[in-house]
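What follows is a short report on a single structure.
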Amino acid sequence: MSKPLILISNDDGYDSRGIRYLVDFVSDLGEVLVCAPDGGRSGYSRSFSATPPLYLRRREPIGDAQVWSCSGTPVDCVKMSLSQIIPDRQPALVIGGINHGDNSTVNNHYSGTMGVAIEGCLKYIPSISFSTCDYNPKAELEHLRPWVRKITAKVLADGLPRLTCLNVNFPVADSFKGVRPCRMGLGSWINEVKKCHHPRGYDYYWMVGDYRDDEPSATDNDRQALREGYIALTPVTIDVTNYSFLETMNDWESL
């Protein structure tokens, strides 16, 4: 009870390689609790289970960390942890990851790993999302250790601004030039739906797509930082109000 409690979840599942690395990386920085989906939930963003019942199952620990799986979404995992597993204890930190796949730019909005961090943030808990741009689920991640530890220790010590969480993305590289605080890049997913025809006579569809960088000459965003071999650190705010436009809306009151 004297150690800070670190709640970890992800969207790749409780038994993913990335979550096991993450637990090992931060296990001496606090008391670690894992509650993660019972299978892959990539792309679930901030969705939660409003209709189906949910199930919790105790799993084999990872080192000294208690591990639970949940039948729902990454957001469900955070909600269930706070409500059912540790109802009398507030985590000092919520972490999502380590995700196998890039969550920079607009991927931020689709990511279940970011859903974990945002849900923690909505509960006023400092929260971080860690992702590697290496999509291989068996990728070697040991070289991320010092950076994950330094970023985690920094947030544990100093916290984050209210309603702000941290989106951290690692490029595919054996070593990194350092960290670069940066804004979210702008991009679009195109050619997103592939139509196929089944031999039994009906059509079906795959969600696929190609990423298009909509500001390729930018030098201050997360995509550029990753291209140059830096770890991209993007502070993400939960308040989605467009304040500059709000200031111009006085005449709307007469509608």
Problem set entry | Donor-acceptor under 3.5 Å (S49 side chain, P52 main chain) | no

For this session: Among residues two or more places apart or on two chains, list those pairs meeting salt bridge (Lys or Arg N to Asp or Glu O under 4.0 Å) that have a residue in residues 214-226.
Result: D102-R223, R183-E215, R183-D220, R212-D214

Exercise. Is the closest side-chain heavy-atom distance between D24 and R145 below 4.5 Å?
Worked result: yes

Exercise. Quick one: side chain to side chain contact (heavy atoms under 4.5 Å, CB included) partners of D15, sequence neighbours excluded?
Worked result: none

For this session: Only one of I8, I86, I6 passes side-chain contact (heavy atoms from CB on, under 4.5 Å) with P91; say which it is.
Result: I86

Exercise. Could you give all pairs that pass the ring pair (Phe, Tyr, Trp, His ring centres under 6.0 Å) test and reach residues 125-146, with sequence neighbours left out?
Worked result: H143-F176

For this session: For the pair R180 (side chain) and G178 (backbone), establish whether a donor and an acceptor sit closer than 3.5 Å, ignoring hydrogens and angles.
Result: no

For this session: Check whether any side-chain N or O of H100 sits under 3.5 Å from a backbone N or O of G18 as a donor-acceptor pair, and report yes or no.
Result: yes

Seminar exercise, completed: In short, ring pair (Phe, Tyr, Trp, His ring centres under 6.0 Å) pairs touching residues 15-70 with sequence neighbours left out are Y21-F25

Exercise. Do any N or O atoms from the side chain of R41 and from the backbone of G112 form a donor-acceptor pair under 3.5 angstrom?
Worked result: no

For this session: Ignoring hydrogens and angles, state whether a donor on the side chain of N99 or T113 is under 3.5 Å from an acceptor on the partner side chain.
Result: yes

For this session: Start with the C-alpha gap between I98 and I19, add the side-chain angles, then the distance that decides, and say whether side chain to side chain contact (heavy atoms under 4.5 Å, CB included) holds.
Result: CA-CA 6 Å; I98 298 170; I19 208 167; over 6 Å; no

Exercise. Between S45 and H109, is there a donor-acceptor pair closer than 3.5 Å when you use the side chain of the first and the backbone of the second?
Worked result: yes

Seminar exercise, completed: Rounded to the nearest 0.5 Å, the CG atom of N221 sits from the CG atom of L186 at a distance of 7.5 Å

Exercise. For K194, what residues pass the side chain to side chain contact (heavy atoms under 4.5 Å, CB included) criterion, not counting sequence neighbours?
Worked result: C196, W206, V208

Exercise. Side chains of D64 and S27: does their closest heavy-atom pair fall under 4.5 Å?
Worked result: no

Problem set entry | K177 side, atom NZ; I231 side, atom CD1 - distance, nearest 0.5 Å | 12.5 Å

For this session: Using modelled atom types only, decide if a donor and an acceptor are shared between the side chain of S111 and the backbone of N108 within a distance under 3.5 Å.
Result: no

Exercise. Would a 4.5 Å heavy-atom cut-off, applied to side chains only, mark V179 and W147 as touching?
Worked result: yes

For this session: Flag yes if L160 and L29 sit in one hydrophobic cluster, no otherwise; membership is Ile, Leu, Val, Met, Phe, Trp, Tyr, and two members link when side-chain heavy atoms are under 4.5 Å apart.
Result: yes

For this session: Might you point out which heavy atoms bring V168 and F170 nearest each other, and give the distance in Å?
Result: CG1-CE1, 4.0 Å

Exercise. With a 3.5 Å cut-off and no angle check, do the side chains of D239 and T241 form a donor-acceptor pair?
Worked result: yes

Exercise. Are V23 and L33 connected in a single hydrophobic cluster, I mean Ile/Leu/Val/Met/Phe/Trp/Tyr linked by side-chain heavy atoms less than 4.5 Å apart?
Worked result: no

Exercise. Side chains of H197 and D203: is there a donor and an acceptor less than 3.5 Å apart?
Worked result: yes

Exercise. For C182 and T234, what are the C-alpha separation, side-chain angles and deciding distance, and is it a side chain to side chain contact (heavy atoms under 4.5 Å, CB included)?
Worked result: CA-CA 5 Å; C182 49; T234 305; 4.0 Å; yes

Exercise. Linking I/L/V/M/F/W/Y whenever any side-chain heavy atoms sit under 4.5 Å apart, do L122 and I95 land together?
Worked result: no

Exercise. Can any side-chain N or O of T152 pair as donor or acceptor with the backbone N or O of V148 at less than 3.5 Å?
Worked result: yes

Problem set entry | Approximate separation, where rounding is to 0.5 Å, of R89 CZ and L7 CG | 11.0 Å

Exercise. Does any non-hydrogen side-chain atom of S129 lie less than 4.5 Å from one of N169?
Worked result: no

Donor-acceptor list for residues 245-255 side chains, cut-off 3.5 Å, not counting sequence neighbours:
from	atom 1	to	atom 2	distance (Å)
T248	OG1	F245	O	2.7
S254	OG	D251	O	2.7

Exercise. Looking at CD of E119 and CZ of R46, how far apart are the two atoms once the value is rounded to the nearest 0.5 Å?
Worked result: 10.5 Å

Problem set entry | Centroid-centroid under 6.0 Å between Y211 and W189 rings | yes

Problem set entry | Short side-chain donor-acceptor distance under 3.5 Å, T73 and D76 | yes

Problem set entry | Test side-chain hydrogen bond (donor to acceptor under 3.5 Å, both in side chains) applied to S131 and N10, N103, D11, the passing residue | N103

Problem set entry | side chain to side chain contact (heavy atoms under 4.5 Å, CB included) evaluation trace for Q90 with L5 | CA-CA 8 Å; Q90 179 88 331; L5 178 60; over 6 Å; no

Exercise. What's the spacing between R162 CZ and T237 OG1 if we round to 0.5 Å?
Worked result: 11.5 Å

For this session: Taking S127 for its side chain and I118 for its backbone only, find out whether a donor-acceptor pair lies under 3.5 Å.
Result: no

Exercise. Counting distance only, does the side-chain N/O of S69 pair as donor-acceptor with the main-chain N or O of P37 below 3.5 Å?
Worked result: no

For this session: Would you indicate whether E142, at its atom CD, is surrounded by more than 12 heavy atoms from other residues, nucleotides or ligands within a distance under 6.0 Å?
Result: yes

Exercise. Counting only N and O atoms by type, is there a donor-acceptor contact under 3.5 Å from the side chain of S81 to the main-chain atoms of C77?
Worked result: yes

Exercise. Quick one: OG on S104 to CD on Q224, what's the gap to the nearest 0.5 Å?
Worked result: 11.5 Å

For this session: Flag the pair K79 / Q84 as yes when at least one side-chain heavy-atom distance between them is below 4.5 Å, and no otherwise.
Result: no

Exercise. Is it true that atom CZ of R227 has more than 12 heavy atoms of other residues, nucleotides or ligands lying nearer than 6.0 Å?
Worked result: yes

For this session: Determine, step by step, whether R17 and D12 satisfy the salt bridge (charged side-chain N to carboxylate O under 4.0 Å, His left out) criterion, reporting the C-alpha distance in whole Å, the side-chain angles of both residues, the deciding distance to 0.1 Å, and the verdict.
Result: CA-CA 9 Å; R17 190 176 179 91; D12 290 322; over 6 Å; no

For this session: Spell out, yes or no, whether L163 and V236 are grouped together once hydrophobic residues are joined by side-chain heavy atoms under 4.5 Å, including indirect joins.
Result: yes

Problem set entry | Common cluster, V32/L141, ILVMFWY with side-chain heavy-atom separation under 4.5 Å | yes

Problem set entry | Check: I85 and M80 side chains under 4.5 Å, non-hydrogen atoms | no

